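Report on the following structure.
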Amino acid sequence: MPRLSEVIAALENLWPAERAESWDAVGTVVGDPDQEITRVLFAVDPVREIVDEAVKLGADLLVTHHPLYLRGTTTVAATHFKGRVVHTLIKNDIALHVAHTNADTADPGVSDALAGALDLRVVRPLVPDPTDPHGCRGLGRVCELDHPLTVRELAARAAERLPATAQGIRVAGDPDAVVRTVAVSGGSGDSLFDQVRAAGVDAFLTSDLRHHPVSEAVAHSPLALIDAAHWATEWPWCELAASQLDEISDRHGWDLRVHVSKTVTDPWTAHAASTTSS
């Protein structure tokens with residue numbers, strides 16, 4: 001049975017903390033390095049529903065993509081919802097480890113998992129990491145389809161393959177345009193329009209696209225935009241990360257039981273389709 005410090009060392013090898021953005025908050029948030037680990041749960045968000053699931057599962061370690069305290073705090077009092085998360089974790093001897101932007105740019109990383117969920121062939125990073133001599137790490141991925149699809153068909157594939165959310169999939173641009181190449185970026189992606197246009201792709205699939213950047217992007221070029229829910233674009237990474245830890249566990253003879261939460265923690269809970277007035 002490995003100790004937490006051994007499992008964290010393995011995770012840090014996959015997603016080194018020094019590769020996270022300077023504003024990010026990654027690494028171990030809660031946990032005793034000498035604690036023995038037998039069961040691990042992967043999830044996107046360190047929210048109460050996920051922590052309760054970890055307790056029910058009997059997990060010793062929760063690994064999430066999103067940080068619990070991104071901008072720091074002066075209290076972990078249980079009167080605040082994040083404080084209650086900390087109290088629940090400690091009371092139940094559950095460690096919490098975060099891999100955020102260091103997992104976004106990893107090889108393989110969040111966007112590789114997103115591309116894999118959509119059966120896209122990764123060609124290269126959208127924004128390469130200049131410190132990677134092999135040119136494999138970086139933010140986002142430029143991909144090719146196995147055969148051309150219309151934007152409408154690619155959006156339908158995303159709706160079918162990604163976890164269901166209230167938002168579903170939104171499209172900007174010509175739904176009948178043909179797509180042969182597509183850029184993907186798990187999580188918020190409208191800061192990447194310049195890099196996407198420079199990549200010369202037919203479509204860009206990401207999340208959290210805002211009105212003005214989208215309006216300007218479609219006016220600037222025929223690039224099609226496909227907008228999925230933030231949580232849905234990052235959830236496939238949990239399955240990828242769990243498989244990576246499974247392989248490490250087998251190699252070391254740890255016999256870890258590794259799980260992926262299927263609890264939907266996307267904050268949007270309902271969607272009402274617009275109707276056309278006569």
Side-chain angles (χ1 to χ4, degrees), residues 24-26 29 40-57 59 62-71 80-82 84-85 88-89 96-104 109-120 139-141 154-172 182-192 203-211 213-214 225-243 259-274:
D24 206 358
V26 301
V29 181
V40 183
L41 178 65
F42 282 85
V44 175
D45 297 301
V47 294
R48 186 59 188 259
E49 302 96 307
I50 297 299
V51 172
D52 288 345
E53 182 179 349
V55 172
K56 185 176 181 180
L57 184 66
L62 171 62
V63 181
T64 66
H65 182 51
H66 289 153
L68 178 62
Y69 289 108
L70 182 58
R71 293 174 177 84
H80 302 271
F81 78 92
K82 291 188 177 185
R84 287 196 298 273
V85 164
T88 302
L89 290 168
L96 172 62
H97 186 81
V98 172
H100 192 211
T101 53
N102 48 334
D104 286 333
V110 170
S111 292
D112 293 289
L114 175 57
L118 300 175
D119 281 341
L120 305 175
L139 188 61
R141 295 294 184 266
L154 180 57
R157 180 185 288 191
E160 177 186 359
R161 304 287 181 83
L162 296 180
T165 61
Q167 172 186 315
I169 306 295
R170 302 188 299 177
V171 170
V182 56
V184 301
S185 182
S188 303
D190 65 13
S191 65
L192 300 173
F204 179 34
L205 189 152
T206 186
S207 69
D208 293 345
L209 293 180
R210 297 169 295 158
H211 174 89
V214 169
L225 303 175
I226 301 175
D227 182 52
H230 189 121
W231 173 84
T233 65
E234 294 180 330
W235 184 84
W237 171 80
C238 295
E239 290 195 321
L240 169 64
S243 69
H259 306 263
V260 174
S261 173
K262 295 186 178 180
T263 300
V264 177
T265 54
D266 185 78
W268 303 104
T269 55
H271 171 81
S274 300

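Predicted model, so just to flag it, every value in this text is computed and none were measured. We count residues from 1, following the sequence as given.
What you find for Val110 and Gly186 is that their closest heavy atoms are CG1-CA, 4.0 Å. The heavy-atom pair separating Pro67 from Ala25 by the smallest distance is CB-O, 3.4 Å. Closest of all the heavy-atom pairs between Cys238 and Ala43 is SG-C, 3.5 Å. Thr233 and Ser207 get closest at one heavy-atom pair: OG1-OG, 3.9 Å. Residue Pro236 comes nearest to Ala232 through the heavy atom pair CD-O, 3.2 Å, listed as atom of the first residue, atom of the second, then distance. In plain terms, the two heavy atoms of Ala158 and Leu205 that are nearest each other are CB-CD1, 3.9 Å.
A perpendicular orientation is assigned to the rings of Trp237 and Phe42, their planes being inclined by more than 60° (bins at 30° and 60°).
Of the inter-residue distances, the one linking Thr269 atom OG1 with Gln167 atom CD reads 13.0 Å to the nearest 0.5 angstrom. Distance OG/Ser191 to CG/Leu139: 7.0 Å, rounded to 0.5 Å. Rounded to the nearest 0.5 Å, atoms CZ (Arg157) and CD1 (Ile226) are 10.5 Å apart. In this structure, Arg141 CZ and Leu114 CG are separated by 10.5 Å, a value rounded to the nearest 0.5 Å.
At least one side-chain heavy atom of His230 sits under 4.5 Å from a side-chain heavy atom of Ser188. Proximity of Glu53 to Leu62: side-chain heavy atoms (C-beta onward) are nowhere separated by under 4.5 Å. Annotation: side chain of Val171 is not in contact with side chain of Leu225 (no heavy-atom distance under 4.5 Å). Counting heavy atoms from C-beta outward, Lys82 and Tyr69 have side chains that approach closer than 4.5 Å. The shortest distance between side-chain heavy atoms of Trp231 and Val264 falls below 4.5 Å.
At least one donor-acceptor pair closer than 3.5 Å links the side chain of Asp112 to the backbone N or O of Gly109. Looking only at distances, a side-chain donor or acceptor of Thr206 sits under 3.5 Å from a matching main-chain atom of Ser185. Using a distance-only test at 3.5 Å, with no hydrogens or angles considered, no donor-acceptor pair links the side chain of Asp190 to the main chain of Pro213. Between the Thr64 side chain and the Val98 main chain, no donor and acceptor come within less than 3.5 Å of each other. Although no hydrogens or angles enter the test, the distance criterion places a donor-acceptor pair under 3.5 Å between the side chain of Arg170 and the main chain of Leu209. Put simply, the side chain of Asp227 gets close to the backbone of Asp208: a donor and an acceptor are under 3.5 Å apart. Using a distance-only test at 3.5 Å, with no hydrogens or angles considered, no donor-acceptor pair links the side chain of His259 to the main chain of Val40.
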Practice item. Would you please test His66 and Glu234 for side-chain hydrogen bond (donor to acceptor under 3.5 Å, both in side chains) and show each step? Key: CA-CA 10 Å; His66 289 153; Glu234 294 180 330; 2.7 Å; yes

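None of Asp45, Ile50, Val44, Val47 except one satisfies the side-chain contact (heavy atoms from CB on, under 4.5 Å) rule with Thr263; the exception is Ile50.
Thr101 and Asp24 are linked by a side-chain donor-acceptor pair at a separation below 3.5 angstrom, with hydrogens and angles left out of the test.
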